[in-house]
Amino acid sequence: MLVDAGLGPRQLAERLLSAGVDPATVDAVLVSHEHGDHARGAVAFTVKWGMPLAGTRGTWQAAGFGAATLPGWVRLEPGTSRLFGDLCVRTVPVPHDAAGPVAFVLSAGGVSLGHATDLGHVSSTLVEAFRGCDAVLLESNYDPAMLRDGSYPWALKERILGALGHLSNGDVARYLERSLGSSCRHVVLAHLSQKNNHPELARHAAEEALGRAGRAAVTLELTSPDGTSWVDVGGGGRRGGVPDERQLRLF
Ligand SMILES: [Zn+2]
Ligand SMILES: [Zn+2]
């Protein structure tokens with residue numbers, strides 16, 4: 001299962017191959033929302049490799065997926081679950097300025113991963129959906145001071161800061177300290193702005209929050225634009241080695 005396809009099909013295929021995954025073995029591409037950094041390469045990738053595309057009706061309409069001849073389309077209803085083989089995909093609505101944006105909870109073999117990239121705040125719906133997850137991937141998009149002092153136009157800064165924009169390092173820290181489910185053992189910080197954040201700021205804020213919550217045993221990873229190592233969701237967070245079905249590669 002590939003979650004989001006913001007890169008072009010060739011780059012996506014190269015990255016999958018570098019992770020030891022044959023692109024033709026991907027069963028479906030889940031698209032969280034229509035913004036280009038998540039959806040731009042989705043049609044071309046699924047047409048080239050022949051798997052269905054899955055997303056909400058709002059994403060379908062706003063991304064213009066109807067204009068393409070797709071190998072398959074699976075409509076996901078926010079708030080419901082659907083099986084793809086033995087993998088259960090739960091679709092969770094999130095607050096973001098898109099037509100039908102969602103997060104996902106992916107479960108298989110008694111292990112589950114919560115995956116939320118673009119959202120303006122952590123809603124009670126999301127907290128509840130992620131409560132039983134063994135691993136959580138969450139955006140830690142910006143540092144407020146870097147955003148405020150940065151070069152973005154004011155309208156864009158306001159959008160990012162708003163309730164339908166993106167999560168700051170502090171938003172993530174508050175979630176980790178107050179609302180992270182007790183079964184979560186791995187946290188992955190993703191979707192860091194290259195202009196308005198620094199990995200060490202994001203890591204520091206999250207580590208401090210986990211420490212305050214008495215959750216220092218939770219492993220913390222950050223994704224990087226160049227790719228990220230395998231994270232073993234079901235086990236002790238061991239990295240490297242040969243991946244099995246309980247691992248995921250994040251890039
Ligand atoms: Zn977005
Ligand atoms: Zn995004």
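Every number for a ligand or one of its atoms is a count from 1 in the order of the listing. Reckoned from all heavy atoms, side chains included, excluding hydrogens, waters and symmetry mates.
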How about CZ on R10, more than 12 heavy atoms from neighbouring residues, nucleotides or ligands closer than 6.0 Å, or not? no
Can you tell me if CG on D86 sees more than 12 non-hydrogen neighbours from other groups inside 6.0 Å? no
Provide the protein N, O or S atoms situated under 2.8 Å from the Zn ion (ligand 1); waters are not included. H33 NE2, H35 ND1, H96 NE2, D118 OD2
Spell out, as yes or no, whether a donor-acceptor pair under 3.5 Å connects the side chain of T46 to the backbone of A42. yes
Do any N or O atoms from the side chain of H166 and from the backbone of L119 form a donor-acceptor pair under 3.5 angstrom? no
Is the distance between the ring centroids of H198 and H204 under 6.0 Å? no
Got a sec, which residues hit ring-ring contact (aromatic ring centres under 6.0 Å, His included) with H35, two or more places apart in sequence or on another chain? H33, H96
